[in-house]
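To start, the structure itself, in structure tokens.
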Amino acid sequence: MAQKFCKLFEVQEHQVLFRNSTNDDGEEAIIMTTQIEGLEMSATMTGFEENNTTADEQFEKIDQLKADSFFISMSNLTQE
């Protein structure tokens, strides 16, 4: 079975992409990205070892609810 490195979800007629990758410092990271009103918005989660887990373990737990939550958070940043 191929190892997944990304998950794509639909939220309010937008797409939310989660990628299991590394950040600029080479640390394990989950990168979340969406586009709202022409803006590409991303956030990066790191520090998994501090919580005795790994990016791979947390990546497997990503589901529609997490995609919804991320999108709403990013959408709120675009509101006036």
Side-chain angles (χ1 to χ4, degrees):
M1 180 160 128
Q3 182 178 355
K4 289 185 177 182
F5 70 94
C6 67
K7 293 182 179 183
L8 183 65
F9 297 90
E10 297 284 331
V11 181
Q12 298 180 21
E13 299 183 12
H14 291 78
Q15 293 180 324
V16 176
L17 176 68
F18 290 85
R19 288 188 304 121
N20 194 0
S21 188
T22 57
N23 66 10
D24 292 339
D25 295 328
E27 298 174 290
E28 289 185 325
I30 296 175
I31 303 165
M32 304 157 284
T33 306
T34 192
Q35 289 187 353
I36 301 171
E37 298 178 16
L39 299 173
E40 183 172 303
M41 305 177 81
S42 293
T44 303
M45 289 189 297
T46 59
F48 300 103
E49 48 295 322
E50 295 170 14
N51 295 312
N52 297 318
T53 189
T54 66
D56 288 335
E57 291 171 335
Q58 294 307 308
F59 183 75
E60 289 304 314
K61 295 178 183 179
I62 294 171
D63 59 10
Q64 185 68 48
L65 290 175
K66 288 184 176 43
D68 292 344
S69 178
F70 172 71
F71 180 81
I72 290 167
S73 295
M74 295 297 104
S75 181
N76 287 340
L77 292 174
T78 65
Q79 304 300 313
E80 292 184 49

Can you tell me if Ser73 uses its side chain to pair, donor with acceptor, with the backbone of Ser69 under 3.5 Å?
yes
Taking Phe5 as the starting point, is it possible to reach Met32 by hopping between hydrophobic residues whose side chains are less than 4.5 Å apart?
no
Got a list of side-chain donor-acceptor pairs under 3.5 Å for residues 43-51, not counting sequence neighbours?
none

Could you tell me whether a side-chain N or O of Asn76 sits under 3.5 Å from a main-chain N or O of Gln79, the two making a donor and an acceptor?
no
For Ala55 and Ala29, work out which heavy atoms get closest and say how close.
CB-N, 4.3 Å
Hydrophobic clusters here meaning ILVMFWY residues chained together by side-chain heavy-atom distances under 4.5 Å, can you tell me if Ile30 and Met41 are in one?
yes
Can you name the residues that form a side-chain hydrogen bond (donor to acceptor under 3.5 Å, both in side chains) with Thr33, not counting sequence neighbours?
Ser42
Return the minimal non-hydrogen interatomic distance between Lys7 and Glu60, and the atom names on each side.
NZ-O, 3.4 Å
Kindly confirm or rule out a cation-pi arrangement of Lys4 over Phe59, judged by NZ or CZ under 6.0 Å from the six-membered ring centre and within 45° of its axis?
no
Residues forming a side-chain hydrogen bond (donor to acceptor under 3.5 Å, both in side chains) with Glu57, sequence neighbours excluded
Thr53
Checking Asn23 now: which residues fulfil side-chain hydrogen bond (donor to acceptor under 3.5 Å, both in side chains) with it, not counting sequence neighbours?
Glu27
Going by atom type alone, with no hydrogens or angles, which donor-acceptor pairs under 3.5 Å involve a side-chain atom of residues 8-21 and a protein atom two or more places apart or on another chain?
from  : atom 1 : to    : atom 2 : distance (Å)
Glu10 : OE2    : Gln15 : NE2    : 3.4
His14 : ND1    : Gln12 : O      : 2.7
Asn20 : ND2    : Asp56 : OD1    : 2.6

Rounded at 0.5 Å granularity, tell me how far SG in Cys6 sits from CD1 in Ile62.
10.5 Å
